[in-house]
Undergrad: 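Take this structure, written in structure tokens, and hold onto it; I'll ask about it next.
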Amino acid sequence: MAKRGKLEIVKDILVIIRDSHNSIKQTPLLRKSNLSSNRFKEYYNELLEKKFIKEVIDKKNGKYIVLTDKGFRFLEQYTIIVNFIDEFEL
Amino acid sequence: MREIAGHFFAGGFGTELIYAFVVIVCSLMVYYGTKELYELSSHKGIKYFRQAFLFFAIAYFFRSFIKFIVFYFDVHEIFDFSPRALGPVIIFFFMYFSAMAVFYLLCSVMWKKWGDNSKKIYIFHFLAFIISLVGVLFRRIWLHVGINIFMFFLVVVIVCIAYKDSKKGKKGLNLYAIYLLLLLFWILNVIGVLIPNFLPTFQIMIYMASLGVFLMIVYKVLKKAGPV
């Protein structure tokens with residue numbers, strides 16, 4: 001299996017969240033993302049910082065991760081971004 | 001004011017102004033057309049690619065519009081300076097920004113090969129500064145032509161290496177050919193600014209060909225990135 005690029009990893013994490021009815025806890029997200037704990041933390045913090053995801057506190061069940069509008073927009077534009085990079089050899 | 005305008009348009013300045021205007025609009029369309037793609041991806045290649053076109057826009061602004069504003073609105077009378085003093089300043093900034101535009105374009109295709117080393121860009125800024133300084137201080141035709149041809153071949157060699165390394169094969173050839181044409185016309189433009197009578201007969205043809213290349217890139221960008 002080819003090594004995933006940074007953009008692809010970001011896309012995969014966001015897709016996992018979206019496909020979990022836009023609500024997932026951190027531990028299953030780490031497991032499904034196929035990343036080491038350290039790399040996951042790096043990506044997780046970056047996604048929070050870029051406001052692609054946000055943490056929502058549920059009083060009963062604890063902390064959930066959901067996509068923001070920007071996160072959904074990234075997923076919409078992902079194919080365009082990848083095609084653009086490919087087309088211009090960037 | 002009308003007399004001055006008439007003089008400019010009779011002397012081919014009008015053509016130059018229209019040419020610069022189209023290049024600036026094309027460059028800004030590429031810059032703003034890729035804004036969202038960069039904001040979402042933070043991709044270094046897209047960043048350098050956008051900056052290349054921003055610097056092209058600034059370079060052409062210095063090339064024609066500053067000259068136009070100063071003469072048309074008699075700015076030199078208001079601030080009491082000779083228009084002749086403006087020439088070297090315009091040439092310096094035009095050369096600096098256009099050289100940086102080419103270097104950024106180079107970085108956009110080479111950044112993966114060079115690694116994530118942001119210090120390289122400072123070397124390019126220094127090189128562009130030196131080129132601009134030489135352009136202003138030394139008024140020898142063949143020195144200017146020599147420097148620009150050397151830079152052209154340097155870029156050709158690097159782009160050829162990048163093309164060979166590219167696994168895309170034929171798909172990338174079209175794009176590299178466009179980049180090389182863009183560089184060639186950039187050189188002819190720089191020479192045209194430094195030595196106004198170097199290729200007077202071909203000036204219009206160079207303008208048209210340059211615009212063709214710019215429009216082709218804008219078309220490709222907007223087709224892939226969506227309208228501005």
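Residue numbers begin at 1 in each chain, while the letters A, B, ... track the order of the sequences. If you're wondering where the values come from, they're calculated on a predicted model, not measured in any experiment.
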Undergrad: Does CZ belonging to B/Phe21 count more than 12 external heavy atoms closer than 6.0 Å?
TA: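 Atom CZ in B/Phe21 is not packed in, count stays at 12 or less.
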Undergrad: Considering residues, nucleotides and ligands other than A/Asp58, do more than 12 of their heavy atoms fall under 6.0 Å from its CG?
TA: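 More than 12 heavy atoms, drawn from other residues, nucleotides or ligands, come within 6.0 Å of this atom.
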Undergrad: Would one find more than 12 heavy atoms of other residues, nucleotides or ligands at under 6.0 Å from atom CZ of A/Phe72?
TA: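 Yes, the 6.0 Å shell around CZ holds more than 12 heavy atoms from other groups.
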Undergrad: Might you work through the ring-ring contact (aromatic ring centres under 6.0 Å, His included) test for B/Tyr48 and A/Phe88, ending with a clear yes or no?
TA: CA-CA 12 Å; B/Tyr48 292 138; A/Phe88 290 92; over 10 Å; no
Undergrad: Give me the atom names and distance for the closest heavy-atom approach of B/Ser41 to A/Leu7.
TA: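 Taking B/Ser41 first and A/Leu7 second, the nearest heavy atoms are CB-CD2, 3.7 Å.
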Undergrad: Strictly distance-based, threshold 3.5 Å: is any side-chain N or O of B/Lys224 a donor or acceptor partner for the main-chain N or O of A/Asp86?
TA: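 Here the side-chain-to-backbone pair does not exist.
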Undergrad: Could you tell me the separation between the CD1 atom of A/Ile80 and the OG1 atom of B/Thr34, rounded to the nearest 0.5 Å?
TA: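 With rounding to 0.5 Å, CD1 (A/Ile80) is 13.0 Å from OG1 (B/Thr34).
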Undergrad: Using a 4.5 Å cut-off on heavy atoms from C-beta on, say whether the side chain of A/Ile85 contacts that of B/His43.
TA: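 Contact flag for B/His43/A/Ile85 side chains = yes.
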Undergrad: I'd like to know whether A/Arg73 forms a side-chain contact (heavy atoms from CB on, under 4.5 Å) with B/Glu36, so could you lay out the CA-CA distance, the side-chain angles of the two residues, the decisive distance to 0.1 Å, and finally the verdict.
TA: CA-CA 10 Å; A/Arg73 185 70 183 150; B/Glu36 194 189 15; 2.5 Å; yes
Undergrad: For B/Phe129, is the CZ atom crowded, meaning more than 12 foreign heavy atoms sit under 6.0 Å from it?
TA: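 Not buried by this count: 12 neighbours or fewer within 6.0 Å.
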Undergrad: Could you tell me which non-hydrogen atom of B/Leu40 sits nearest to which non-hydrogen atom of A/Phe52, and how far apart they are?
TA: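 Minimum heavy-atom contact is O-CZ, 3.1 Å.
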Undergrad: Hydrogens and angles aside, do B/Ser42 and A/Lys50 bring a side-chain donor and acceptor to less than 3.5 Å of each other?
TA: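 A donor-acceptor contact under 3.5 Å links the two side chains.
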Undergrad: Yes or no on side-chain contact (heavy atoms from CB on, under 4.5 Å) for B/Tyr38 and A/Phe84, after CA distance, side-chain angles and deciding distance?
TA: CA-CA 11 Å; B/Tyr38 174 64; A/Phe84 186 83; over 6 Å; no
Undergrad: Select one option (side chain, backbone, both, neither) describing which atoms of A/Tyr78 are under 4.5 Å from chain B's heavy atoms.
TA: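 Neither part.
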